[in-house]
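Worksheet: one structure, shown below.
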2 protein chains.
Amino acid sequence: MENLRRLLPSAASLIVFEAAGRHQNFTRAANELGMTQAAVSYAIRGLEEQLGVPLFHRVHRAVELTEAGEKFHADVSVGLSRIQKSAEDIRAKGRETNVTLAASTAFASMWMLPRLNRMREDLPEIDLRIQTSVRDLDLEEEPIPLGIRGGDPGHWPRYHVAQLAEEVVNAVATPAYIEEHGLPKTAADLQRHNLIHLEEPVRRACDWTEWFASAGLTYPKQARRLTINDYVLVIQAVLAGEGVALGWEHLINPQIRSGALMPVAGHVLKTGLAFYVVWPRSRELNAQAKRVRDWLLEEGRRDRAASGAGE
Amino acid sequence: MENLRRLLPSAASLIVFEAAGRHQNFTRAANELGMTQAAVSYAIRGLEEQLGVPLFHRVHRAVELTEAGEKFHADVSVGLSRIQKSAEDIRAKGRETNVTLAASTAFASMWMLPRLNRMREDLPEIDLRIQTSVRDLDLEEEPIPLGIRGGDPGHWPRYHVAQLAEEVVNAVATPAYIEEHGLPKTAADLQRHNLIHLEEPVRRACDWTEWFASAGLTYPKQARRLTINDYVLVIQAVLAGEGVALGWEHLINPQIRSGALMPVAGHVLKTGLAFYVVWPRSRELNAQAKRVRDWLLEEGRRDRAASGAGE
DNA sequence: GGTTTTCCATAAATCATGCTTATCGCATGG
DNA sequence: CCATGCGATAAGCATGATTTATGGAAAACC
């Protein structure tokens with residue numbers, strides 16, 4: 001196989017030839033390509049010299065492909081169109097401005113939502129789309145580059161992971177509730193309060209039993225028990241003054257900082273697990289997704305710093 | 001569909017990319033292409049800017065294709081190799097130096113053979129191959145660009161034709177024969193001579209009957225009759241002093257000029273037909289075949305001029 | 001039939017881009 | 001720790017692509 005560069009030193013003339021052959025007319029080809037007729041003539045002549053064979057008959061005031069030109073044109077068309085299509089696909093993909101993030105409704109509404117404005121400021125050209133679902137999606141199957149997951153990364157060997165926040169579980173209530181029912185100073189105090197339960201149907205979430213256990217207590221049998229199957233609704237119930245619930249620190253930090261919620265009982269549960277930004281190893285993040293990922297992680301760091309400073 | 005030239009202004013970088021992707025190594029690609037590593041780096045960077053997507057990971061002291069690069073490389077490889085193959089085919093065909101000419105054995109040995117040296121001088125780089133056959137070949141079926149035919153071009157509408165020589169039929173003998181048997185001054189004289197007959201099995205050829213008729217005579221019943229089925233052998237028989245035969249002027253001109261044969265009886269038959277160089281309309285002559293055709297025609301003109309001057 | 005139009009080819013001049021040279025940086029491995 | 005290997009980068013250059021300007025020839029038009 002000959003060296004392609006020696007065979008076709010002026011690859012650009014292939015493009016010219018393709019257009020010229022298609023039109024069988026140099027002037028029109030020149031128009032299409034945004035160049036002059038003379039340049040087309042020059043390019044074709046060069047190609048003919050390279051190949052040692054005329055590609056066009058010059059006849060009347062027109063040109064038409066020779067037999068060799070016809071054949072070559074067919075092949076060049078096919079070859080170039082394949083390359084062109086590929087280039088267009090790649091460019092289109094590179095230009096895509098939307099990045100989809102798979103997350104739980106809790107994360108979406110309690111972590112992302114308060115930060116969307118900031119994100120719009122930092123990454124104005126990125127169109128973030130949040131895909132919420134009841135169970136963690138398999139990103140390898142979905143056309144989704146990024147996800148948020150809580151748990152043990154050892155269970156997701158097919159994903160890259162970057163930690164966003166530790167799993168820290170607080171008992172929280174509103175100032176109004178505390179005013180009415182008194183402040184539970186210890187975990188033991190809490191056993192007399194209205195505890196709101198999350199019954200997460202799919203994802204793992206710690207419950208009061210676990211929380212009390214971590215405080216060295218057992219979960220109190222209690223009459224006034226409210227169970228809700230959605231974390232967002234649990235927090236809304238707390239905000240409505242219905243009682244005390246467990247809240248993931250990274251999700252309720254904004255409300256704690258604003259004073260809407262207060263941690264109570266002086267005990268937190270650190271499960272040793274964490275929440276992660278994840279993306280499949282099988283694909284590559286495009287530039288935009290990378291920026292979103294980095295922004296999320298940076299935001300996580302900012303949040304930790306803010307909490308740390310606040311303590 | 002976007003303008004390909006805007007999409008890929010530097011088409012040459014495709015070739016560079018193909019090599020670089022194949023080697024996954026810029027330095028080696030540069031070697032293969034006969035350029036410097038810097039140029040490869042530059043070309044790839046340009047392509048990446050065009051596409052808006054990195055094509056290679058720069059890692060350690062190496063590069064490897066990104067996902068996008070991988071895909072693009074596959075398409076570029078296929079596309080370019082198709083074009084390359086086509087270009088190679090065309091070049092090979094253009095470089096072919098052999099030209100085949102289909103002709104009768106008579107034309108081959110009596111017209112071409114004496115001129116081969118001259119042709120080798122005039123067209124030294126062309127390797128002429130003469131294909132002789134008993135019947136005129138169908139050049140559209142055979143991979144033969146040029147042929148020699150005698151007859152009426154109206155019968156070959158699918159061929160381009162260019163006249164090489166009129167059909168002029170002479171009665172000829174050797175000086176030795178004339179010395180021995182006396183010079184036939186008229187056609188009538190010939191009726192007492194040893195007439196050698198050609199019995200052409202396939203191609204049309206005029207015979208003594210026709211010749212005498214054109215002279216206003218009838219073919220003489222004659223005892224000493226020699227019939228040969230090959231024109232070359234007929235002439236050889238004449239040269240051997242066996243008698244008088246009919247000879248196509250354009251074929252025996254060399255011998256007439258050299259004195260080896262002499263036209264006798266003061267009568268020639270012009271049939272109104274002619275001999276032609278022919279080539280099929282369905283294909284195009286390549287450059288070499290054209291040169292051979294033009295040389296043949298020029299040689300025909302030279303021959304006529306020489307005969308005309310000689311008269 | 002002459003004039004105009006419409007093609008392509010060609011020559012000269014210009015411009016730009018692709019390429020080279022030279023150098024640096026960085027990571028690896030002896 | 002230095003040598004080696006490989007890429008990136010910057011600056012300058014040269015070639016080749018492109019333009020402008022012109023000519024020619026066939027066809028179309030009046």
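Quick note on labels: first sequence line is chain A, next is B, and so on, each numbered from 1.
- Counting non-hydrogen atoms under 4.0 angstrom, A/T27 reaches the backbone sugars and phosphates but no base.
- Atom-to-atom, CD of A/Q37 to C1' of C/dT10 comes out at 10 Å; the value is rounded to the nearest Å.
- If you walk DNA chain D from 5' to 3' and mark each nucleotide with an atom closer than 4.0 Å to a heavy atom of chain A, the marks span D/dG16 to D/dA28.
- Between A/F107 and A/H250, the ring planes lie tilted relative to each other; the angle falls in the 30° to 60° range.
- In this structure, CD of A/E48 is placed 13 Å from P of C/dC8, rounded to the nearest angstrom.
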Start with the C-alpha distance between A/R302 and A/E299, add both sets of side-chain angles, then the distance that settles salt bridge (Lys or Arg N to Asp or Glu O under 4.0 Å), and finish with yes or no.
-> CA-CA 5 Å; A/R302 265 195 270 187; A/E299 193 61 25; 3.0 Å; yes
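- Near DNA chain D, meaning a heavy atom under 4.0 Å from it, residues 38-47 of chain B has B/A38, B/S41, B/R45 in order of number.
- Of all heavy-atom pairs spanning B/I44 and B/R58, the tightest one is CG2-NH2, 3.9 Å.
- Separating the CZ atom of B/F26 from the C1' atom of C/dT20 is a distance of 17 Å, rounded to the nearest angstrom.
- For the 3.5 Å distance criterion, the side chains of B/Y159 and B/D138 qualify, holding a donor opposite an acceptor.
- If you take CE of B/M35 and P of C/dC19, they are 4 Å apart, rounded to a whole angstrom.
- Side-chain atoms of A/E167 and A/T271 include a donor-acceptor pair closer than 3.5 Å.
- Salt-bridge check for A/R301 with A/D303: failed, with every basic side-chain N at 4.0 Å or more from each acidic carboxylate O.
- In this structure, A/S13 reaches neither bases nor backbone, as no heavy-atom distance under 4.0 Å exists between it and the strands shown.
- Rounded to whole Å, atom C1' of C/dT10 lies 12 Å from atom CZ of A/R58.
- Checked against side chain to side chain contact (heavy atoms under 4.5 Å, CB included), B/H160 has the following partners two or more places apart in sequence or in another chain: B/W279, B/R281.
- In this structure, B/K93 places its NZ atom where only 12 or fewer heavy-atom neighbours from other residues, nucleotides or ligands lie under 6.0 Å away.
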